[in-house]
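Here is the structure we will look at.
Every value quoted in this text rests on a predicted model; they were computed, and no experiment measured them.
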Amino acid sequence: MARQVGGRPTSLPAGKTSMGRQDAPSDVAEPYPLSTLRHSVAHLMASAVEKLHPGVQFGFGPPIEHGFYYDFQLPEPLDAKELKRIEKEMRKIAKKAGGFERKVRSREEAKKVLAERGQSFKVEAVDLIPEEEEITFYSHGDWEDLCEGPHIDRLDRPFHFKLLSVAGAYWRGDEKNPMLQRIYGTAFWTKEALDEHLAWLEKVKEQDHRRLGAELDLFSLHAEAGAGLVFWHPRLGAVRREMETFWWEEHEKRGYEAVYTPHVVREDLFRVSGHLENYAEMMYAPMDIEGIPYRVKPMNCPGHILIFDDRGHSYRELPVRMAELGGCYRYERSGQVHGMMRVRGFTLDDAHIFCRPDQLAEEIAGVIELIRHMVTTFGFEFTAYLATRPEEKSIGADEVWENALAALRDGAKRAGIELELDEGGGAFYGPKIDFKLKDALGREWQTSTIQCDFNLPERFDLTFVDSDGEKKRPIMVHRAVYGSLERFVGVLIEHYGARFPFWLSPTQVAVIPIREEHEDYARKLEERLRSERLRVDLLDAHSHMNKRIRQAKKEKVPFLLVVGDREAEEGTVTVSERGKEEQVSVPFDAFVERVLALRASRGLDLEA
RNA sequence: GCUGCUGUAGCUCAGUGGUAGAGCACUUCCUUGGUAAGGAAGAGGUCAUGGGUUCAAGUCCCAUCAGCAGCUCCA
């Protein structure tokens with residue numbers, strides 16, 4: 001039952017991975033692709049579920065990137081304990097099930113057989129299979145399923161699996177449809193591979209920004225403040241300040257100018273911009289100020305437009321590049337908010353470029369260069385996606401959309417990057433290039449974006465005076481590097497596992513005097529480091545030295561300076577560097593010089 | 001929003017309708033220690049919130065809020 005008709009796309013469609021069905025060599029470690037194994041294990045799981053829960057109705061059960069799932073409709077909820085029972089039953093069935101058998105049925109017969117078994121979702125699934133394709137069934141033991149295949153030959157081969165979680169999922173991914181129970185699991189040919197995957201899952205859990213955020217005093221969320229609203233603590237405030245400084249430096253170098261705009265403005269502004277028409281369900285409700293409705297901004301663009309439109313512009317002054325770290329609020333449904341990654345109040349690292357049509361591709365190339373420079377500084381690889389016009393809710397003529405797409409393609413070409421296609425993924429006002437960053441654990445995050453907009457200039461009737469004295473329409477580019485500071489810092493926490501590069505570290509240097517009598521010397525070091533605007537923490541001698549070292553290491557401080565008699569006398573420090581076993585004694589001045597160079601380089605490693 | 005689950009000390013978590021617990025963290029004292037857990041004592045709780053059942057509720061029921069795994073949607 002791998003056919004993904006109408007379901008969510010999966011990275012490994014089972015039908016595309018066919019190897020010989022009957023003649024696989026039995027003496028190799030991986031006789032079939034993982035997706036084929038996982039799909040077969042999904043069948044095995046479904047048969048076990050039916051054994052334990054007669055009357056269950058089946059949905060889809062495909063292999064996915066890291067495993068497989070199968071959807072079930074059952075009167076009773078499944079829980080973790082039940083997963084154990086199902087696993088046990090699966091092992092039992094696998095032992096005696098023997099091989100998979102393939103059977104072709106006519107469309108009518110298939111529906112009849114499935115209807116007799118009460119499998120109404122499967123009957124619907126038959127109708128989703130294209131006319132010209134064969135309707136096939138696969139069985140193992142006495143259990144049969146509508147399925148495109150392929151499968152491994154026998155279930156008594158050695159392989160290793162684990163059921164991981166259970167969650168709700170709409171039939172065919174549509175929230176208007178009934179919700180089924182989905183069991184996720186994974187399978188590998190070897191125990192080592194399974195263990196490695198489970199270790200990866202464990203690491204993902206350990207590096208979860210919500211866990212690290214609480215553990216390391218980085219940020220908090222509060223029920224009494226409301227869902228999706230983030231409180232940045234001082235230690236993460238330091239990281240944010242560095243991110244902002246870096247951001248402004250790189251923007252000012254490229255001709256961006258800072259602007260500041262209000263958080264709450266008259267609703268009419270969003271009527272003109274089209275937000276009320278196209279974006280209202282994402283906006284906070286209006287508030288009444290002396291009889292006039294006001295709205296909290298979900299985006300900064302209308303404000304920047306007011307600044308641009310406050311006076312006339314000559315073609316000579318374009319492009320105008322306006323930048324703002326603007327606080328925005330968007331209504332997210334309660335089930336969507338997630339730590340710092342998905343919030344209701346956030347800071348867009350926003351900028352709008354107003355330019356002439358002949359400047360567009362060059363501007364886009366410039367933004368791509370900026371994004372590439374910044375995200376690689378953080379150590380990310382990225383993929384760029386070209387997102388085209390959405391099917392519902394969009395504004396503007398087709399031709400305008402085509403022009404914008406062409407400019408985005410041209411800009412990418414000039415900047416020398418490849419574009420993947422994201423059909424229908426554009427904003428309501430124009431097409432865009434979205435960047436997905438790949439983190440240290442191999443996961444992708446959507447952050448940076450470049451959006452072409454021919455529509456807002458139209459709506460606000462923006463103009464500039466061209467060289468021929470005629471009024472012309474400028475083009476607007478919306479763009480963000482971080483996307484939102486909240487999401488980006490969340491990604492950074494997970495990417496680094498909170499072992500931030502030196503320039504970003506909440507605490508950069510911990511000074512640890514061995515005994516009380518060394519505190520004077522330690523304090524001198526602290527003052528000097530602080531005068532260089534380094535973030536330093538003096539852990540005084542009221543508690544045991546080992547305890548203080550343990551604390552500093554737990555906080556993942558890049559450099560610990562341990563100082564005692566010897567150091568105070570010689571003017572040195574004994575440096576314990578994050579990730580290294582051995583300690584080295586160096587003159588304090590040399591240490592300061594080293595870390596200042598390291599900070600200035602914004603290097604990823606502690607070596608400058 | 002939907003399905004399921006969860007909410008007990010700062011953190012991780014025990015707790016069977018009948019007197020609220022442990023480890024770590026914290027405070028004080030002892031220990032003066034050269035690179036990841038020295039010792040002792042102490043303090044810390046509206047058991048998320050509001051209703052209900054009961055002689056009696058952390059425990060059972062309902063609602064609300066928040067969180068978790070997903071689905072759907074997104075920066």
Side-chain angles (χ1 to χ4, degrees), chain A residues 7-8 69 71 73-74 76-80 82 164-184 205 208 210-211 214-217 220-229 279 281-282 298-299 328 330-344 346-350 425 427 432 434-436 445-449 451 478 480-488 490-491 510 512-518 541-554 560-567 574-577 580-583 585:
Chain A
R8 294 278 298 161
Y69 67 77
D71 291 341
Q73 188 172 57
L74 278 170
E76 65 276 9
L78 300 167
D79 59 18
E82 186 58 23
L164 297 170
S165 62
V166 53
Y170 300 108
W171 164 239
R172 295 179 60 199
D174 188 333
E175 63 185 339
K176 291 184 209 76
N177 287 338
M179 186 160 268
L180 311 177
Q181 296 190 68
R182 173 172 297 179
I183 301 180
Y184 285 92
K205 214 166 127 191
D208 190 306
R210 294 165 299 182
R211 177 199 184 107
E215 229 168 63
L216 300 179
D217 193 18
S220 53
L221 303 159
H222 300 271
E224 58 268 49
L229 301 169
Y279 207 72
E281 72 274 18
M282 294 293 290
M299 294 183 189
C328 292
R330 295 182 190 171
Y331 166 70
E332 295 283 357
R333 298 198 289 179
S334 56
Q336 326 272 54
V337 295
H338 180 94
M340 296 195 104
M341 303 298 199
R342 188 80 179 270
V343 293
R344 287 182 176 159
F346 57 99
T347 315
L348 277 177
D349 67 314
D350 215 351
K432 57 182 183 174
D434 280 332
F435 292 76
K436 285 193 178 147
W445 303 96
Q446 141 86 95
T447 54
S448 320
T449 184
Q451 312 184 348
H478 312 243
V481 181
Y482 295 139
S484 86
L485 272 85
E486 285 74 10
R487 175 176 289 183
F488 200 87
V491 173
I512 299 178
I514 290 170
R515 288 191 306 279
E516 245 169 60
E517 64 215 67
H518 307 125
H542 76 265
S543 67
H544 264 251
M545 192 183 75
N546 277 356
K547 191 171 179 176
R548 288 176 279 145
I549 287 170
R550 186 165 68 243
Q551 184 191 331
K553 297 216 166 169
K554 202 188 118 209
L560 315 191
L561 305 184
V562 176
V563 294
D565 290 330
R566 209 170 56 228
E567 289 81 2
T574 295
V575 182
S576 180
E577 189 177 316
K580 284 193 177 169
E581 282 294 317
E582 73 278 16
Q583 298 94 40
S585 287

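With sequence neighbours left out, A/Y170 forms a side chain to side chain contact (heavy atoms under 4.5 Å, CB included) with A/E175, A/M179. Partners of A/V337 according to the side chain to side chain contact (heavy atoms under 4.5 Å, CB included) rule, which considers only residues two or more places apart in sequence or in another chain, are A/A227, A/E332, A/R344.
Rounded to whole angstrom, the span from the CG atom of A/N546 across to the C1' atom of B/rA37 amounts to 9 Å. The CD atom of A/E281 sits 11 Å away from the C1' atom of B/rC74 (whole-angstrom rounding). One interatomic measurement links the two molecules: CD of A/E486 to C1' of B/rA75, which rounds to 10 Å at whole-angstrom precision.
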Considering only nitrogen or oxygen atoms on both sides, find all protein atoms under 3.5 Å from nucleotides 25-32 of chain B and state each distance.
residue, atom, partner, partner atom, Å
B/rU31, O2, A/H544, NE2, 2.6

Produce the list of close N/O pairs, under 3.5 Å, pairing protein atoms with atoms of nucleotides 45-48 of chain B; give distances to one decimal.
none

What are the atom names and distances for every N/O pair under 3.5 Å that joins the protein to nucleotides 5-11 of chain B?
none

Protein and nucleotides 67-69 of chain B: nitrogen or oxygen contacts under 3.5 angstrom:
residue, atom, partner, partner atom, Å
B/rC68, OP1, A/R210, NH1, 2.6
B/rA69, OP1, A/R210, NH2, 3.0
B/rA69, OP2, A/R210, NH1, 3.3

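Look at the C1' atom in both B/rG50 and B/rA41: the space between them is 40 Å, to the nearest Å. Comparing the C1' positions of B/rG15 and B/rU19 gives an interatomic distance of 14 Å, to the nearest angstrom. The separation of B/rG44 from B/rG33, taken at their C1' atoms, amounts to 29 Å, rounded to a whole angstrom. Across B/rU16 and B/rG42, the matching P atoms stand 28 Å from one another, rounded to whole Å.
Across all strands, A/Q181 comes closer than 4.0 Å to no nucleic acid atom at all (heavy-atom distances).
Two residues are said to be in side-chain contact when any heavy atoms from C-beta on lie closer than 4.5 Å; A/D349 and A/L485 meet this criterion.
A donor-acceptor contact under 3.5 Å is formed by the side chain of A/Y170 with the base of B/rG1.
Sequence order on RNA chain B of the closest nucleotides to A/F346 and A/L560 puts A/L560 first from the 5' end.
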